[in-house]
Amino acid sequence: MPGTTPQPTSATRTRSWWGWGWADAHPDDAECAAMGALIPGTLAHPLPVPRVRDLDIERPAVEPPAGLAHLVATGPRERAAHAMGKAYRDVARALRGRPGRIPDLVARPTEEREVADLLDWAGERQVAVVPYGGGSSVSGGVEYRGDAHRAVLSLDLTAMGRVLEVDAVGRAARIQAGTLGPSLEDQLRPHGLTLRHFPQSFEFSTLGGWLATRAGGHYATGRTHIDDFVQSLRVVTPAGTSASWRLPASGAGPSPDRLFLGSEGALGIITEAWVRLQERPTHKASASLAFTDFHAALEAVRAIAQSDLSPANCRLLDAGEAALSGASHDGSAVLVLGFESSDGPVTARLGQAVDLARSHGGRRGGVDGADGADTDAAVGAWRSAFLRMPYLRDGLARMGAVAETFETAATWDRIPGLIEAVRTEVGEAALKASGHPATVNCRLTHLYPDGAAPYFTVLAAGRPGDEVAFWDDLKAVASDVLHRHRATITHHHAVGRDHRPGYDRQRPDPFALALRAAKGALDPRGILNPGVLVD
């Protein structure tokens with residue numbers, strides 16, 4: 001059946017050009033100062049909120065193509081807002097007035113033909129094209145680095161934001177790549193269906209961004225990576241348009257979709273996709289358990305992951321992370337469990353998971369949800385902190401603190417040693433570089449029968465005026481630990497430019513050779529997101 005036109009959302013709010021999310025949701029000066037006081041060595045007063053008018057923004061090096069000029073913006077704020085993603089190092093650079101190379105033009109095509117025309121024009125004039133969805137990249141994926149191109153075009157896909165077609169029988173939909181998460185779900189809601197893909201950046205990221213970065217969603221088990229939802233893709237490349245067949249499965253050679261999933265716009269621009277949907281869940285329940293022994297908690301989580309219970313949420317917070325989120329104040333690690341279904345009650349499965357956790361020393365908290373009898377304060381505290389945390393990170397950055405995360409995945413046999421090594425070595429590196437102790441916390445966000453995805457939070461006093469280099473040094477130490485433990489450089493945040501050194505070490509040499517050949521064939525002029533994945 002035909003799709004619907006997306007409804008405008010949050011029309012009265014303004015996105016922050018320099019930091020996470022909405023401009024009106026950032027901590028004020030007093031809250032920034034209060035947070036900074038908890039980290040020894042931070043600034044006495046918060047850095048001022050950066051202003052676009054204080055940036056040195058040069059005139060565009062090129063004029064937009066005449067036939068497409070109506071799609072192109074050249075204003076300073078539009079260009080500054082598209083210069084970076086939303087990682088800590090992006091926020092820190094903006095606060096110091098050093099955002100890096102600002103794109104010359106920002107184009108918002110409304111249809112696939114315009115995407116192709118813009119690529120043709122850019123190729124003829126040696127203009128780099130950096131695809132841009134919601135701009136929530138935390139790995140340097142939406143910025144240009146270097147000077148090999150005459151100019152830079154930020155290709156913003158958000159004007160292509162419609163659900164074009166819904167197949168209610170096959171539970172699938174054809175959706176344009178620029179559709180932001182909330183709009184996507186709003187358009188599917190009348191059909192009683194959902195994509196059920198909710199990354200932390202859901203409000204500020206697009207379907208195309210999820211596909212191009214192989215994004216992971218909120219759910220801990222089962223179908224959580226966007227890869228699992230894809231039926232087919234349409235991708236515009238300088239060499240032509242790739243359109244795979246819509247199929248439930250296929251064994252016909254290497255998958256064309258797999259070539260573009262995770263390609264970050266280096267091989268082509270994803271314009272639309274057929275994705276698998278499911279009925280909206282109506283039964284939900286959650287609970288928390290506390291552990292005095294983190295290693296026992298790891299064993300509990302592994303037992304749940306290797307069962308057939310498939311919890312929607314099974315998030316283990318170490319003592320530091322639990323305290324940071326308000327889920328625990330007694331030094332305990334906390335396991336947050338959640339189940340949901342569109343078919344029937346989930347309390348029995350929740351009870352089985354709780355019993356498994358208790359058999360490994362977990363202490364039961366409350367129960368929360370439509371199928372539960374009472375409430376769980378730890379679950380509620382974690383939910384609130386999860387959504388608020390990126391804003392608090394930006395507030396800490398204003399105090400000169402380093403507040404950043406990184407994630408990975410490894411097999412179960414390596415998980416305990418990996419977590420201990422990261423805590424120890426990153427903490428020691430921060431102390432040596434700044435003279436102040438750092439906090440390194442860990443949580444498990446995604447679980448598999450054969451392994452898990454640890455997600456680390458680092459809080460430290462930065463070097464005033466040199467915060468970015470300080471974080472880069474810590475990230476290099478962390479990347480070395482991951483490599484030594486054969487843990488991936490990223491589980492769901494993409495390679496971008498920040499993870500290139502680790503990615504280059506991780507991938508097999510023959511695959512790198514094939515990837516470079518694909519880049520050369522599909523993008524012979526080298527204009528697509530230069531520096532991402534391959535040179």
Legend entry - Within 45° cone and under 6.0 Å: Arg443 NZ/CZ vs Tyr455 ring: yes
Inset, instruction - Would you check if Thr241 and Thr237 make a side-chain contact, meaning some heavy-atom pair closer than 4.5 Å? - result: no
Inset, instruction - Report the C-alpha distance between Tyr503 and Thr490 in whole Å, list the side-chain angles of each, state the deciding distance to 0.1 Å, and finish with yes or no for side chain to side chain contact (heavy atoms under 4.5 Å, CB included). - result: CA-CA 9 Å; Tyr503 177 63; Thr490 177; over 6 Å; no
Inset, instruction - Locate the shortest heavy-atom distance separating Leu396 from Gly36; write the atom from each residue and the value. - result: CD2-N, 4.1 Å
Inset, instruction - Scan side-chain atoms only and decide if Thr445 and Glu407 contain a donor-acceptor pair under the 3.5 Å cut-off. - result: no
Legend entry - Min side-chain heavy-atom separation Glu321-Cys442 under 4.5 Å: no
Legend entry - Gap separating the CG atom of Leu474 from the OH atom of Tyr88, nearest 0.5 angstrom: 9.5 Å
Inset, instruction - Quick one: sort the His446 and His491 rings into parallel, tilted or perpendicular, breaks at 30° and 60°. - result: tilted
Inset, instruction - Begin with the C-alpha distance, continue with both residues' side-chain angles, and end with the deciding distance and a verdict on salt bridge (Lys or Arg N to Asp or Glu O under 4.0 Å) for Arg96 and Glu467. - result: CA-CA 9 Å; Arg96 296 294 183 179; Glu467 295 90 352; 2.6 Å; yes
Legend entry - Donor-acceptor pair, side chain of Arg414 and main chain of Arg486, under 3.5 angstrom: no
Legend entry - Gap separating the CD1 atom of Ile102 from the CD atom of Glu143, nearest 0.5 angstrom: 11.5 Å
Legend entry - Asp473 to Arg463 - nearest heavy-atom pair and separation: OD2-NH2, 3.6 Å
Inset, instruction - Under the side chain to side chain contact (heavy atoms under 4.5 Å, CB included) rule, what do Arg108 and Leu71 come out as? Steps first, then yes or no, please. - result: CA-CA 5 Å; Arg108 286 190 173 86; Leu71 305 173; 5.6 Å; no
Inset, instruction - Determine whether the side chains of Thr424 and Glu428 contain a donor N or O and an acceptor N or O closer than 3.5 Å. - result: no
Inset, instruction - Would you kindly say whether Asp498 and Ser139 are connected by a side-chain donor-acceptor distance under 3.5 Å? - result: no
Inset, instruction - Calculate, to the nearest 0.5 Å, the distance between atoms CD and CZ belonging to Gln176 and Arg234 respectively. - result: 11.5 Å
Legend entry - Option from Ile527, Leu533, Val532 for which side-chain contact (heavy atoms from CB on, under 4.5 Å) with Asn529 holds: Val532
Legend entry - N/O donor-acceptor pair under 3.5 Å between Ser183 side chain and Thr179 backbone: no
Legend entry - Donor-acceptor under 3.5 Å (Arg150 side chain, Gln126 main chain): no
Inset, instruction - List the steps, then state whether salt bridge (Lys or Arg N to Asp or Glu O under 4.0 Å) holds for Arg93 with Asp90. - result: CA-CA 5 Å; Arg93 286 186 294 161; Asp90 302 324; 2.6 Å; yes
Legend entry - Test item: Thr221 side-chain N/O and Pro311 main-chain N/O as donor-acceptor pair under 3.5 Å: yes
Legend entry - Residues Ser255 and Asp257: side-chain donor-acceptor under 3.5 angstrom: no
Inset, instruction - Please say whether the positively charged group of Arg423, taken as NZ for Lys or CZ for Arg, lies over the ring of Phe294, i.e. under 6.0 angstrom from the six-membered ring centre and within 45 degrees of the axis. - result: yes
Legend entry - Electrostatic pair Arg500:Asp504 at N-O distance under 4.0 angstrom: yes
Inset, instruction - Determine yes or no for a side-chain-to-main-chain donor-acceptor pair under 3.5 angstrom, with Lys519 supplying the side chain and Ala266 the backbone. - result: yes
Legend entry - Straight-line distance of Leu211 CG to Leu261 CG, nearest 0.5 Å: 6.0 Å
Inset, instruction - Please round to the nearest 0.5 Å and tell me the distance separating atom CZ of Arg505 and atom NE2 of His499. - result: 12.0 Å
Legend entry - Asp147/Arg101 ion pair, N-O < 4.0 Å: no
Legend entry - Within-4.5 Å side-chain heavy-atom neighbours: Ile489 and Ser479: yes
Legend entry - Heavy atoms of other groups near Asp509 CG, more than 12 under 6.0 Å: no
Inset, instruction - Would you name the heavy atoms of Tyr448 and Ala305 that are closest together and state the gap between them? - result: O-CB, 3.6 Å
Legend entry - Ion pair Arg162/Glu272, N-O distance below 4.0 Å: no
Legend entry - Minimum heavy-atom distance between Ala107 and Leu118, given as atom pair plus value: CB-CD1, 3.9 Å
Inset, instruction - Find out whether Arg315 and Leu444 are in side-chain contact, i.e. whether some heavy atom of one side chain is under 4.5 Å from a heavy atom of the other. - result: no
Legend entry - Cys32 versus Pro27, closest heavy-atom pair with distance: SG-O, 3.8 Å
Inset, instruction - Report yes or no: do Glu185 and Thr194 form a side-chain donor-acceptor pair below 3.5 Å? - result: yes
Inset, instruction - Kindly say whether Leu233 contributes a backbone atom to a donor-acceptor pair with the side chain of Ser244 at under 3.5 angstrom? - result: yes
Legend entry - Any donor-acceptor pair under 3.5 Å from Gln200 side chain to His218 backbone: no
Inset, instruction - Could you tell me whether the side chain of Ser154 reaches within less than 4.5 Å of the side chain of Leu105, counting heavy atoms only? - result: no
Inset, instruction - Give a yes-or-no answer on whether the side chains of Thr488 and Gln506 include a donor-acceptor pair shorter than 3.5 Å. - result: yes
Inset, instruction - I would like to know whether Lys86 and Asp394 meet salt bridge (Lys or Arg N to Asp or Glu O under 4.0 Å); could you show each step before the answer? - result: CA-CA 10 Å; Lys86 302 301 181 186; Asp394 292 356; over 6 Å; no
Legend entry - Any Pro131 side-chain heavy atom under 4.5 Å of Val142 side chain: no
Inset, instruction - Mind telling me whether Trp471 and Phe406 have parallel, tilted or perpendicular rings, with 30° and 60° as the class edges? - result: tilted
Inset, instruction - Would you check if Val235 and Leu267 make a side-chain contact, meaning some heavy-atom pair closer than 4.5 Å? - result: no
Inset, instruction - For Arg79 and Pro103, indicate whether the former's side chain and the latter's backbone hold a donor-acceptor pair under 3.5 Å. - result: yes
Inset, instruction - Report yes or no: does Ser201 contribute a side-chain atom to a donor-acceptor pair with the main-chain N or O of Phe204 at less than 3.5 Å? - result: no
Legend entry - Under 3.5 Å side-chain donor-acceptor pair for Glu78 and Thr74: no
Inset, instruction - Apply side chain to side chain contact (heavy atoms under 4.5 Å, CB included) to Leu153 and Asp104, showing your working. - result: CA-CA 6 Å; Leu153 169 73; Asp104 298 88; over 6 Å; no
Legend entry - Donor + acceptor pair across side chains of Trp22, Glu203 (<3.5 Å): yes
Legend entry - Nearest-0.5 Å distance, CD1 of residue Ile226 to CG of residue Leu207: 6.0 Å
Inset, instruction - Could you please spell out the steps behind the side chain to side chain contact (heavy atoms under 4.5 Å, CB included) verdict for Tyr132 and Leu155? - result: CA-CA 6 Å; Tyr132 191 98; Leu155 189 64; 6.0 Å; no
Inset, instruction - Report yes if some heavy atom in the side chain of His485 is under 4.5 Å from a heavy atom in the side chain of Val422; otherwise report no. - result: no
Legend entry - Cation-aromatic face contact Arg196/Tyr219, 6.0 Å, 45 degrees: yes
Inset, instruction - Kindly say whether the aromatic ring centers of Trp18 and His26 come within a distance under 6.0 Å. - result: yes
Inset, instruction - Look at atom CZ of Arg15 and say whether more than 12 heavy atoms of other residues, nucleotides or ligands are closer to it than 6.0 Å. - result: yes
Legend entry - Closest non-hydrogen atom pair between Pro437 and Leu431, with its separation: N-CD1, 3.7 Å
